[in-house]
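Heavy-atom basis, side chains included; hydrogens, waters and symmetry copies ignored. Only a predicted model underlies this, so the values are computations on that prediction, with no experimental measurement involved. Every number for a ligand or one of its atoms is a count from 1 in the order of the listing.
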Amino acid sequence: MTAEPASLDVVAPPAVQQRHVLDPASGLAVWLGQRGQPAWRAAAIRRWLHGRRAASFADMTDLPRDLRADLDADFRIWTTTIAVHQRADDGTEKLLLQLADGQRIECVLLRDGDRRTVCISSQVGCAMGCVFCASGIDGVIRNLTTGEIVEQLLRLAALLPADERLSHIVVMGMGEPLANLDRLLPALAEAQDPQGLGISQRRITVSTVGLPPGIDRLAAANPGYHLAVSLHAADDDLRTRLVPVNKAIGLADVMSAADRYWETSGRRLTFEYVLLGGVNDSPDHAADLARLMGHRAALVNVIPYNTVAGMPWKEPTQHARERFLDVLRDAGINVQVRRRKGARIDAACGQLRRAAAQAT
Ligand code: SAH
């Protein structure tokens with residue numbers, strides 16, 4: 001079975017686009033040309049925004065004053081407003097951003113040693129319907145634009161002191177990134193600009209529910225990214241129960257697409273497995289997962305479930321979690337448990353948006 005390509009990229013961003021200067025397709029270079037401005041000014045403006053954290057065109061003090069005023073009249077730097085800003089004791093910060101059309105998305109800054117990782121969203125809502133995830137409860141509303149994806153990066157970078165930079169990006173917020181590749185790829189390219197955020201592709205992780213055509217497209221576009229595939233079950237029956245989109249795809253096709261990505265990229269893959277208490281956390285489930293991994297050069301990232309209000313799923317007990325990990329380790333599987341960060345600020349995808357919507 002193969003996923004229908006039609007399931008990819010079906011949600012158009014809003015038809016009327018503002019001129020968003022953070023969007024590489026905003027027409028800035030052409031606009032500058034029409035005003036007789038040299039082409040390098042576009043790069044200079046981007047450097048101000050990405051590398052020097054300018055918050056307004058007025059901050060761009062080496063641009064002619066008239067040009068700054070014209071830019072201000074025709075372009076917007078920020079299309080979002082910060083609806084909620086939360087900070088946890090462990091240094092995690094989370095933003096709920098309100099988009100120009102009133103929709104809301106989440107993004108998170110995680111501090112871990114020297115690492116400054118941001119977790120960003122790719123869509124408003126999600127169509128994949130994973131039964132335990134807060135993001136998909138109301139389905140997908142729309143794709144984010146490239147500018148909105150870049151804006152999350154810059155909003156989060158602006159939370160850091162001037163001498164710190166973002167080091168890693170994970171596309172693990174709301175949405176299915178491989179269902180919005182047309183907008184995501186230019187945003188990730190922008191993030192790598194050495195004059196801007198300068199984040200190497202090797203420090204960018206794209207997490208997917210496992211859409212084979214999307215994985216192949218990502219490999220063709222840029223296999224330098226780190227791919228993480230959300231499995232959550234090692235057999236088709238259970239996976240289809242937890243990840244309904246699996247019904248039309250099947251684990252075998254997900255694994256072959258992941259293997260093709262690995263062959264093209266040469267980079268170790270990550271498989272994510274959210275442990276749901278009493279559902280997919282038994283030693284037998286672990287043994288099935290070990291068998292599925294086989295001899296693959298892969299890392300299994302075990303994620304204890306972050307409970308979502310109103311959902312029936314539970315965290316695994318500590319005993320179940322340790323037993324599960326022991327089985328994997330005894331089978332020689334590389335395994336890592338994702339430490340909980342920012343749990344108190346609802347830092348699992350989709351939770352803050354939902355909490356805020358329910359409170360208002
Ligand atoms: N759609 C992509 C990326 C977004 S979700 C994907 O499926 O990978 C990022 C990861 O968070 C996925 O592995 C997802 O299953 C997991 N996740 C979602 N809700 C969670 C929750 N409440 N607790 C723990 N992990 C969760």
Side-chain angles (χ1 to χ4, degrees), residues 3 7-9 11 94 105-108 110 117-140 143-144 149 152 169-181 184 188 204-212 214-215 218 225-233 238-239 241-246 249 254 257-258 261 269-277 279-281 289 299-316 321 336-355:
S7 68
L8 294 181
D9 200 24
V11 190
K94 179 159 188 162
I105 55 162
E106 301 173 18
C107 54
V108 182
L110 298 135
T117 303
V118 292
C119 175
I120 56 169
S121 295
S122 53
Q123 299 181 308
V124 182
C126 185
M128 301 300 117
C130 301
V131 295
F132 52 83
C133 174
S135 295
I137 292 175
D138 301 318
V140 64
N143 282 322
L144 293 181
I149 298 171
Q152 294 174 69
I169 298 174
V170 296
V171 191
M172 288 188 188
M174 291 168 61
E176 169 49 45
L178 298 190
N180 190 19
L181 272 176
L184 178 67
L188 296 182
I204 298 178
T205 300
V206 177
S207 174
T208 177
V209 73
L211 303 176
I215 293 174
L218 186 67
Y225 299 127
H226 178 201
L227 184 71
V229 179
S230 294
L231 280 182
H232 314 321
L238 182 56
R239 189 164 195 266
R241 247 197 327 127
L242 300 177
V243 181
V245 69
N246 185 66
I249 303 171
V254 173
Y261 193 86
L269 300 171
T270 295
F271 291 97
E272 294 164 279
Y273 193 104
V274 171
L275 269 190
L276 301 162
V279 175
N280 64 353
D281 63 345
L289 180 59
L299 173 75
V300 173
N301 194 351
V302 172
I303 312 167
Y305 184 56
N306 218 331
T307 48
V308 176
M311 284 196 160
W313 315 96
K314 291 196 279 291
E315 283 176 54
R321 190 175 73 198
Q336 159 189 304
V337 186
R338 186 179 297 164
R339 272 181 298 149
R340 270 177 99 124
K341 284 195 156 273
R344 287 221 333 272
I345 56 169
D346 295 327
C349 55
Q351 292 187 41
L352 176 64
R353 177 181 71 134
R354 209 156 173 82

Tell me yes or no: between the side chains of E272 and S230, is some donor less than 3.5 Å from an acceptor? yes
Using a 4.0 Å cutoff against the non-hydrogen atoms of [X], which atoms of ligand 1 qualify?
{"X": "S230", "answer": "6 (C), 7 (O), 8 (O), 12 (C), 13 (O)"}
{"X": "V209", "answer": "6 (C), 7 (O), 8 (O)"}
{"X": "E272", "answer": "10 (C), 13 (O)"}
{"X": "V274", "answer": "15 (O), 16 (C), 25 (N), 26 (C)"}
{"X": "C133", "answer": "18 (C), 19 (N)"}
{"X": "S207", "answer": "2 (C), 3 (C), 6 (C), 8 (O)"}

Heavy-atom side-chain contact between [X] and [Y] under 4.5 Å:
{"X": "M174", "Y": "L144", "value": "no"}
{"X": "L231", "Y": "R239", "value": "yes"}
{"X": "P304", "Y": "E315", "value": "no"}

Would you mind finding which of [options] brings a heavy atom closest to [atom]?
{"atom": "atom 20 (C) of ligand 1", "options": "F132, Y273, F271", "value": "F132"}
{"atom": "atom 1 (N) of ligand 1", "options": "P304, G175, G173, A228", "value": "G175"}
{"atom": "atom 22 (N) of ligand 1", "options": "N306, I303, L231", "value": "N306"}
{"atom": "atom 9 (C) of ligand 1", "options": "M172, E176, H232", "value": "M172"}

Reference residue T208; test side-chain contact (heavy atoms from CB on, under 4.5 Å); the match among V171, V229, L218: V229
Taking atom CG of N246 and atom SG of C130, what is their separation to the nearest 0.5 Å? 9.5 Å
Distance col, row L184:CG vs N143:CG, nearest 0.5 angstrom, shows 10.0 Å
Closest heavy-atom pair and its distance - V254, G210: CG2-O, 3.6 Å
Side chain, backbone, both or neither: which part of V308 comes within less than 4.0 Å of ligand 1 when only heavy atoms are counted? side chain
